[in-house]
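Worksheet: the structure to be examined is printed underneath.
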Amino acid sequence: MTTYQNPTPTVDVIIELADRPGTVVLIERKHTPIGWALPGGFVDRGEWVADAGVREAKEETGLDVELTELFHVYSDPARDARQHTMSTVFLARAGGAPVGSDDAAAAGVFALDALPPLVFDHATILADYVAYRATGRRPPPRR
């Protein structure tokens, strides 16, 4: 019998609030690794990736998001020290105030030029997003 050790699919959502341009919603994680991160998590079996993005954003921030774009896929085997994951990252917008719940101890709104230290590869993701906003060009595929 063959045992496969494939990457685990995850989603991350870059949420901008309609009334606060130039900001993003982040969550403070309850579980290891502790720190600030984009809302997101694991895709459930039988779940569409976009549905996972909407679900994870709601569970962790309380916000009803509208996914606006598929941004990029991040698959560095070292992006999550717990296991090899690959994340589909969506851009979204929402209204209201985020409230941390589920896996999030807290949620906050941060200016893109004043982000806290981030876990996983989320600093890279948000740097790519800032560049995309400035140039209109998505990041190239990475090796």
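All residue numbers in this chain count up from 1 along the given sequence.
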[X] side chain vs [Y] backbone, donor-acceptor pair below 3.5 Å:
X: Thr135; Y: Arg137; value: yes
X: Glu28; Y: Ala107; value: no
X: Lys30; Y: Asp102; value: yes

Hey, any chance [X] and [Y] share a hydrophobic cluster, counting ILVMFWY side chains that come within less than 4.5 Å of each other, even indirectly?
X: Val24; Y: Val13; result: no
X: Val11; Y: Val119; result: no
X: Tyr74; Y: Leu115; result: yes
X: Leu67; Y: Leu38; result: no
X: Val65; Y: Ile14; result: no

Is the shortest heavy-atom distance from the side chain of [X] to the side chain of [Y] under 4.5 Å?
X: Leu26; Y: Pro116; value: yes
X: Val73; Y: Ser87; value: no
X: Thr8; Y: Phe42; value: yes

From [atom1] ([X]) to [atom2] ([Y]), nearest 0.5 Å:
X: Glu66; Y: Asp64; atom1: CD; atom2: CG; value: 11.5 Å
X: Met86; Y: Asn6; atom1: CE; atom2: CG; value: 9.5 Å
X: Phe110; Y: Leu118; atom1: CZ; atom2: CG; value: 8.5 Å
X: Leu91; Y: Leu70; atom1: CG; atom2: CG; value: 8.5 Å
X: Thr10; Y: His84; atom1: OG1; atom2: NE2; value: 9.5 Å
X: Thr61; Y: Ile15; atom1: OG1; atom2: CD1; value: 4.5 Å

Lys/Arg-Asp/Glu bridge criterion (N-O < 4.0 Å) met for [X], [Y]:
X: Asp44; Y: Arg55; answer: yes
X: Arg79; Y: Asp12; answer: yes
X: Arg138; Y: Glu69; answer: yes
X: Arg133; Y: Glu16; answer: yes

**Prompt:** Can Asp103 and Arg29 be said to form a salt bridge (Lys or Arg N to Asp or Glu O under 4.0 Å), step by step?
**Reply:** CA-CA 6 Å; Asp103 292 340; Arg29 292 178 46 82; 6.0 Å; no
**Message:** Tell me every residue that passes salt bridge (charged side-chain N to carboxylate O under 4.0 Å, His left out) with Arg82, counting only those two or more places apart in sequence or in another chain.
**Reply:** Asp80
**Prompt:** How close do Pro39 and Val25 get, heavy atom to heavy atom, and via which atoms?
**Reply:** CD-O, 3.4 Å
**Request:** Please name the pair of heavy atoms, one in Val43 and one in Ala52, separated by the smallest distance, quoted to 0.1 Å.
**Result:** CG2-CB, 4.0 Å
**Pair Phe71 and Phe90, ring centroids less than 6.0 Å apart** = no
**Asked** Does the side-chain contact (heavy atoms from CB on, under 4.5 Å) test come out yes or no for Leu63 and Leu17, once each step is laid out?
**Response** CA-CA 10 Å; Leu63 297 173; Leu17 297 177; 3.9 Å; yes
**Prompt:** Do the ring planes of His122 and Phe120 sit parallel (below 30°), tilted (30 to 60°) or perpendicular (above 60°)?
**Reply:** tilted
**Message:** My understanding is that only one of Asp76, Thr124, Asp128 makes a side-chain hydrogen bond (donor to acceptor under 3.5 Å, both in side chains) with Arg142; could you say which?
**Reply:** Asp128
